[in-house]
Protein chains: 2
Amino acid sequence: MTHSEENYLKVIYHLSVVSPRGVNTNAIAGMIESKASSVTDMVKKLAEKELILYQKYQGVTLTEKGLLAAKMIVRKHRLWEVFLVEKLDFTWDEVHDVAEELEHIKSEKLINKLDAFLGFPTEDPHGDPIPNAKGEIKKIDKQLLSDLETGQKGICVGVKDSASSFLQYLDKQQIALGSKIEIIGKETFDMSLTIIVDGKEMIISNKIANNLFVKLAT
Amino acid sequence: MTHSEENYLKVIYHLSVVSPRGVNTNAIAGMIESKASSVTDMVKKLAEKELILYQKYQGVTLTEKGLLAAKMIVRKHRLWEVFLVEKLDFTWDEVHDVAEELEHIKSEKLINKLDAFLGFPTEDPHGDPIPNAKGEIKKIDKQLLSDLETGQKGICVGVKDSASSFLQYLDKQQIALGSKIEIIGKETFDMSLTIIVDGKEMIISNKIANNLFVKLAT
DNA sequence: AAATATTTTTAGTTTTGTCTAAATTTTAAT
DNA sequence: ATTAAAATTTAGACAAAACTAAAAATATTT
């Protein structure tokens, strides 16, 4: 598989979560930063290889084969992210682009040895699950901070958006994976939240709350 | 720079050691496993970018810019080899192909962090020198085992050929970097050598001796 | 020095992945 | 149920990096 094919497969995999009945050509083009016509071409090739099901005008879905291949790419991406943060001291906002390149290195031995070297991590630095060598993914019990009610408490376990500006904002506010968050109040006008993060009170916008995953704590 | 351009540059760098007055088109084609005509095309592109000097029919030489770029690729290749062997327990005959892919990852930060993580190694698993971040290479004092006289002793510090069949042969004979080697006798007919490796006597062919680097010991 | 052999370059194709512009199909709106 | 809008596909073109076959330049041999 070429780098380009792998990128398409990965994008289709991510979009499938939101559009399980078929991923649109334009949606793929948006993610790959290419044009719809290019997507049509590539999608035909992937269908030819039986990695996806494609019906003209109806979008695409992954086959079993394509799903596994996509998971293996995601696995590589996330394991490399762990490596970069844990071993090379990258910050969580710096890892994406490099991992985007590293995910295309073709060696099963490499990735499985790396997995072992890292201690078989189940989540990447952003809290996203890492598929194991068989493609199995440990479901993580999490919900958006914006869905909690006033008075509820949670532990930060992930981010929905990994844009570096967002991650840097979190660093600045000292919000990290593992932080204890309690909702003190909700502003009905803009849905901004007053929260206590590890004992420190602050106000965050709805957009922030809508991109932070927490695990409910008692 | 594309992967292909980087591969050409690296090959020209290695061939320059033997042909400092100009690297031949055919020599490059042989190493890249492509055809002479393809080399001519690429060589024009690299000359356009001022990475090499090219005069029709006269071969190519690296410019300062090209030399540094080539050294950085070699640096990446060899650092990744150290990583694979030291951290992921690859054997020295397994690392080449994977490092060949890893050397193209484009992140100066990555490679310098990796360098630090590995403790700034100066040699790769085959005894080849690793250029530092400035492109400086520590000259290694070594000579071919085949150039030693009977009675001389040396310590194995590198291999000239890194073919995995050769490396596996060395493993089987328990010859490794650091092994003490003493020449006991030379057969004039085929130039085969009787040697003592870490106390163990054995006979090796001239071809083997001609691909093993040793540092003279007293 | 001429003839031959080798090496290198040129010219013209191919493949991969992309694009633009036009045509087609589907979806939404009146 | 038409019509208008949006999404998708087709057709044709292009750039990168490779190739084959032929032409040109350099090297070697007699």
Side-chain angles (χ1 to χ4, degrees), chain A residues 1-16 18-62 66 69-70 73 100-101 103-106, chain B residues 1-13 15-16 18-62 66 69-70 73 100-101 103-104 106:
Chain A
M1 232 191 316
T2 65
H3 286 201
S4 191
E5 287 172 342
E6 290 190 341
N7 283 333
Y8 274 88
L9 218 51
K10 185 184 58 171
V11 159
I12 292 166
Y13 172 74
H14 288 312
L15 290 172
S16 293
V18 202
S19 313
R21 318 230 131 252
V23 178
N24 295 331
T25 301
N26 265 349
I28 298 170
M31 295 281 279
I32 301 270
E33 294 183 37
S34 66
K35 297 300 159 70
S37 55
S38 309
V39 173
T40 301
D41 288 346
M42 180 57 86
V43 138
K44 284 179 184 168
K45 192 188 304 181
L46 294 175
E48 191 64 40
K49 293 192 175 187
E50 298 186 307
L51 294 163
I52 60 174
L53 297 175
Y54 167 56
Q55 295 213 94
K56 275 190 191 177
Y57 299 102
Q58 304 307 138
V60 302
T61 53
L62 291 167
I73 299 161
E100 203 82 338
E101 288 191 60
E103 74 189 4
H104 298 296
I105 305 294
K106 280 161 194 39
Chain B
M1 231 188 319
T2 66
H3 287 201
S4 191
E5 288 172 340
E6 290 190 341
N7 283 334
Y8 273 89
L9 219 50
K10 185 184 59 172
V11 160
I12 293 166
Y13 172 74
L15 291 171
S16 293
V18 202
S19 312
R21 315 232 133 253
V23 178
N24 295 332
T25 301
N26 266 349
I28 298 170
M31 295 280 281
I32 301 271
E33 293 183 37
S34 66
K35 297 299 160 70
S37 55
S38 309
V39 173
T40 302
D41 287 346
M42 180 56 87
V43 137
K44 283 179 184 169
K45 192 189 303 181
L46 293 175
E48 191 63 40
K49 294 192 174 188
E50 298 187 308
L51 293 162
I52 60 175
L53 296 175
Y54 167 56
Q55 295 214 93
K56 276 190 191 178
Y57 298 100
Q58 303 307 137
V60 302
T61 53
L62 292 168
I73 299 161
E100 203 82 338
E101 288 192 59
E103 74 190 4
H104 298 296
K106 280 162 193 38

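Each chain gets a letter, A, B and so on, in the order the sequences are listed, and its residues count up from 1. A quick note: this is a predicted structure, and the numbers were derived from the prediction, not measured.
Here B:Ser38 does not reach the OP1 or OP2 of D:dA18: none of its side-chain N or O atoms lies under 4.0 Å away. OP1 or OP2 of C:dT9 sits under 4.0 Å from a side-chain N or O of B:Thr25. Listed pair B:Asn26 / C:dT6 fails the phosphate criterion, with no side-chain N or O lying under 4.0 Å from OP1 or OP2. Residue B:Tyr54 places at least one side-chain N or O closer than 4.0 Å to OP1 or OP2 of C:dT9. For C:dT18, neither phosphate oxygen OP1 nor OP2 lies less than 4.0 angstrom from any side-chain nitrogen or oxygen of A:Lys35. OP1 and OP2 of D:dA7 both lie 4.0 Å or more from every side-chain N or O belonging to A:Asn24.
Spacing between atom CD1 of B:Ile28 and atom P of D:dA18 amounts to 12 Å, rounded to whole angstrom units. Between A:Asp41 atom CG and D:dT9 atom P the separation is 10 Å, expressed in whole Å. The NZ-P distance, from B:Lys44 to C:dA11, rounds to 8 Å in whole Å. Look at CE on B:Met42: it is 18 Å from C1' on C:dT10, rounded to the nearest Å. Per the geometry, CG belonging to B:Asn7 stands 18 Å off P belonging to D:dA16, to the nearest Å. Here the C1' atom of nucleotide D:dA18 and the CD atom of B:Glu5 are 14 Å apart, to the nearest Å.
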Table of protein N/O atoms under 3.5 Å from nucleotides 21-27 of chain D N/O atoms:
from: D:dA25; atom 1: O4'; to: B:Tyr57; atom 2: OH; distance (Å): 3.3

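The residue among A:Val39 and B:Val43 whose nearest nucleotide of DNA chain C is located toward the 5' end is B:Val43.
B:Ser34 comes within 4.0 angstrom of sugar-phosphate atoms only, judged by non-hydrogen atoms across all strands, and of no base.
Expressed to the nearest 0.5 Å, how far CG of A:Leu51 lies from CD1 of A:Ile12 amounts to 9.0 Å. Expressed to the nearest 0.5 Å, how far CD1 of A:Ile105 lies from CD of B:Glu100 amounts to 11.0 Å. Between the CD1 atom in A:Ile28 and the NE2 atom in A:His14 there is a gap of 13.0 Å [rounded to 0.5 Å].
Among residues two or more places apart in sequence or in another chain, the side-chain hydrogen bond (donor to acceptor under 3.5 Å, both in side chains) test is passed with B:Asn7 by B:His104.
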Table please: side-chain donor-acceptor pairs of residues 34-41 of chain A below 3.5 Å, with sequence neighbours left out.
from: A:Thr40; atom 1: OG1; to: A:Ala36; atom 2: O; distance (Å): 3.2

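With A:Glu5 contributing its side chain and A:Thr2 its backbone, the two residues share a donor-acceptor pair below 3.5 Å. Remark: side-chain polar atoms of A:Glu101 are paired, donor with acceptor, to backbone N or O of B:Lys106 under 3.5 angstrom.
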